[in-house]
There are 4 protein chains.
Amino acid sequence: MATSPTFQNLPSDKQERILDGALSEFADKGYARASLNSLVARLGIAKGSIFQYFTDKAGLFAHVFDFAVNRVKNHLRGVREETRGADVFTRIRLSVLAGLGLIEKNPRLFRLYLKIMFEGDIPFRAQLLQSILLFGRDYIVDLLRDGVESGELDPNLNLELAAFVVEAVLERFLVASAVEHMDPDLGLFAAGQERAEELVGQVVMVLKHGLAGKY
Amino acid sequence: MATSPTFQNLPSDKQERILDGALSEFADKGYARASLNSLVARLGIAKGSIFQYFTDKAGLFAHVFDFAVNRVKNHLRGVREETRGADVFTRIRLSVLAGLGLIEKNPRLFRLYLKIMFEGDIPFRAQLLQSILLFGRDYIVDLLRDGVESGELDPNLNLELAAFVVEAVLERFLVASAVEHMDPDLGLFAAGQERAEELVGQVVMVLKHGLAGKY
Amino acid sequence: MATSPTFQNLPSDKQERILDGALSEFADKGYARASLNSLVARLGIAKGSIFQYFTDKAGLFAHVFDFAVNRVKNHLRGVREETRGADVFTRIRLSVLAGLGLIEKNPRLFRLYLKIMFEGDIPFRAQLLQSILLFGRDYIVDLLRDGVESGELDPNLNLELAAFVVEAVLERFLVASAVEHMDPDLGLFAAGQERAEELVGQVVMVLKHGLAGKY
Amino acid sequence: MATSPTFQNLPSDKQERILDGALSEFADKGYARASLNSLVARLGIAKGSIFQYFTDKAGLFAHVFDFAVNRVKNHLRGVREETRGADVFTRIRLSVLAGLGLIEKNPRLFRLYLKIMFEGDIPFRAQLLQSILLFGRDYIVDLLRDGVESGELDPNLNLELAAFVVEAVLERFLVASAVEHMDPDLGLFAAGQERAEELVGQVVMVLKHGLAGKY
DNA sequence: AATGAATGAGACTTCATTCAT
DNA sequence: GATGAATGAAGTCTCATTCAT
């Protein structure tokens, strides 16, 4: 939308190279501190070109955002399909692990999301967040609804509330992983990252049986 | 240590006014984008004065951080004592509500924490985060341990894992509240903020009985 | 290396104008007190441009230094060649006069050297000084060695010591001239500057025959 | 002259402590870069006091200058008297060594002189320099005149010219020593400083017999 | 008489953006 | 269409000086 035809006509590998470089810049430094000077230096393109492609720093950012979100959505959609048929707690567990795997391979995606979430004056901030948050919530509610329909979950369970809890745990894992990437010594994970798989399994068990359950 | 004697000698209401103004600035814009120019303009003091008080932007930040953390710690310690004797889920519920109340009255405190958490080049970032994270985790583990000792929770429950889940939910609420303050129309809360009390109660129930429980 | 391609691509008369203006600034005020503000004001260019050209105040300084040193070296090399064949004391005399002439036409060159020599925190100070001092000493030692080889000087004369004395006198003349430019009324020259030529000749005579000689 | 009665009434050890601290500051950083902030911090006195004592940065500087010059003059006068009776080249040699010794013990004195000599906008610069230069020249001319009177030097020797040469060598040694203090690795001395005594003797010999002499 | 808090000019530097080539 | 030189606002920080206490 904000992209000029000039950019569209670029060979698509160059398009990708530019968006990818910009993603790194924004994910590393946030919107305000991201420097177009740094960016063009790293990309080896002229500073003027950025403005011909995207009119604005804001325009570039918007495009980078789309680029990033689409990668994530595609990934998650894949997970939802691949796990269809498994029981609901397995699917939750696998979704968490899929998220962790995505961050592991591409930490910038989640870091960009966090920057948008907590930085003050990002252009279209509310709008961008909405589009992510809704997608995430829908994803989880769908998972849980499948669980109710298959009889694994009590039909009286309030799906919104349950989704709230699941989402909390999911985000907690993802944040832990993202922060671990920034500060390996912080120990946010409560366990070494290499034991993530085991940890996720156990936490999902706690989620399943509740804190007041029998262990 | 980061504060000059000049600052210590100021009338304490002036000290507070300055720290409070700085807290707002950092909480709103994060470390890097916070502007001493705009701070002194708002405070109506000379630019040079800030540097007589704090050596550095970083020094000011360090002091603001202490200032903020102490407020939070005192608040939480109060809650822990006041709820001693209540059952563990009530205590969790009240702790969440206390946190929400604190944010309601002083949204900048949690926003500052989030900025520190996710911004890149904050001075002493890892160190500052540690000091917050450890405090939070200890607080929750203590609560749960009390619950085990009073027989409310199964002694086989892994406290670390349980704390992970509780912390996740707590943070999710706090983030929701903080973000709601930044973007009231975002709807992150899944419910209007005025219904927070009810919502917290229900979520804690989900937490208590687990997703696979009977409702 | 200290110069950005941006600067290299400038029309060379603009390059020269900038370096020349900067030379004046540094020669007048030394490194620390030289003001880029006042430089750009005098040059009529934007403050930002300086930083596109030179990364740093230090970078600008380094380039100005090269610019200045090369002028001097070229000049001196010219004198060495032109006087080849003359007797050694004539060559010394002409070298001093050449130095004085250079300062007369471009007083800033030697003033810059003095600033580097006696100012404290100049970037790469020791390194820069070395490069000048060695050149100067070599120049004089070469002159004297030619004198020994042509039989004008006693082969037992310690060239290093002799060079020390010649260098002292040379520098004394140059300093006198440079300071005279700063404070015309100071009378450091012991004689009006217009009589420099005669004065140099006589001083070289004293140098030649020694203080204990017959006059 | 520029000193307030307030300063005069100070206990004289405090006066000295202040002037000495200021001497260090000016000798290290020159006039413009010397920081009253640093000075008062080091002295442990109030910033306001400086202005009550000296009205100005310039006033403080003028006083420090007097303080320093008097030390040097007293020292040199001592040397002149102590060496009376020795032959003129011995006296020159001893004067150089005395100067070197003074710098060795109190490098700040000569560094201050150099700063005044080569820095641009020092208050009363010309005036201050005059008072030093004249003293130095008179000192040397006196020495040489004694030499003529005692028959050691040819009465036809132009004393002004000879003094010019001697002064040059003297300053060259002092500058070398002062710079050596700032940059020990620079090698300006042509010999290790520990061999200064021998070096001075040899250079004075060159001075005595001239470059064209027999060795 | 001494203090030290307050001040604001001016220092270097970064950056998004414009526009002639 | 691409380039990159030019710009100036805004950033952090230092400093001499003033003046109420």
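What you see is a predicted model; the values in this text were computed from it and never measured. Numbers restart at 1 for each chain; the letters A, B, ... are given by sequence-line order, proteins then strands.
Remark: P of dT13(E) and CG of L60(C) are 10 Å apart, rounded to the nearest angstrom. Note: CZ (F54(C)) to C1' (dA5(F)) measures 14 Å, nearest angstrom. Rounding to whole angstrom units, CG of residue L43(C) and P of dT7(F) are separated by 11 Å. Summarising the geometry, the separation between CD on E25(A) and C1' on dT14(E) is reported as 13 Å, rounded to the nearest angstrom.
Ring planes of F54(D) and F7(D): tilted class, angle from 30 to 60°.
The ring-ring contact (aromatic ring centres under 6.0 Å, His included) search around F67(A) returns none, not counting sequence neighbours. Every residue meeting the salt bridge (Lys or Arg N to Asp or Glu O under 4.0 Å) condition with D121(B), not counting sequence neighbours, appears here in chain and number order: R33(A). Every residue two or more places apart in sequence or in another chain that forms a side-chain hydrogen bond (donor to acceptor under 3.5 Å, both in side chains) with S24(A) is listed here: R108(A). Residues satisfying the side-chain hydrogen bond (donor to acceptor under 3.5 Å, both in side chains) test with R71(C), not counting sequence neighbours, are D20(C). Not a single salt bridge (Lys or Arg N to Asp or Glu O under 4.0 Å) links R17(B) to another residue, sequence neighbours left out. In terms of the ring-ring contact (aromatic ring centres under 6.0 Å, His included) criterion, residue partners of Y31(D) (sequence neighbours excluded) are, by chain and number, F26(D), F61(D). When the side-chain hydrogen bond (donor to acceptor under 3.5 Å, both in side chains) test is applied to S131(A), no partner is found at least two apart in sequence or on another chain.
Listed by residue number, N9(C), L10(C), K14(C) are the residues of residues 9-23 of chain C with a heavy-atom contact under 4.0 Å to DNA chain F.
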Report task. Summarise how protein sits on nucleotides 13-21 of chain F as a single string, 5' to 3': B when a protein heavy atom is under 4.0 Å from the base, S for sugar-phosphate-only contact, - for no contact. Result -> BBBBBB---
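Applying the salt bridge (charged side-chain N to carboxylate O under 4.0 Å, His left out) test to residues at least two apart or on different chains, none of the pairs has a partner in residues 44-53 of chain B. Screening residues 50-60 of chain A for salt bridge (charged side-chain N to carboxylate O under 4.0 Å, His left out), with sequence neighbours left out, gives no hits.
Of the possible donor and acceptor atoms, none in the side chain of S12(B) sits under 3.5 Å from a partner among the backbone N and O of Q15(B).
Counting any heavy atom pair closer than 4.0 Å across all strands shown, I50(C) reaches no nucleic acid atom.
Distance from the side chain of Y53(A) is smallest to dA2(F) among dA1(E), dA2(F), dA5(F).
Judged by closest nucleotide on DNA chain F, T6(A) is the one of G44(C) and T6(A) placed further toward the 5' end.
Listed by first residue number, the stems of DNA chain F with at least three Watson-Crick or G-U pairs below 3.5 Å are E:2-21 with F:2-21.
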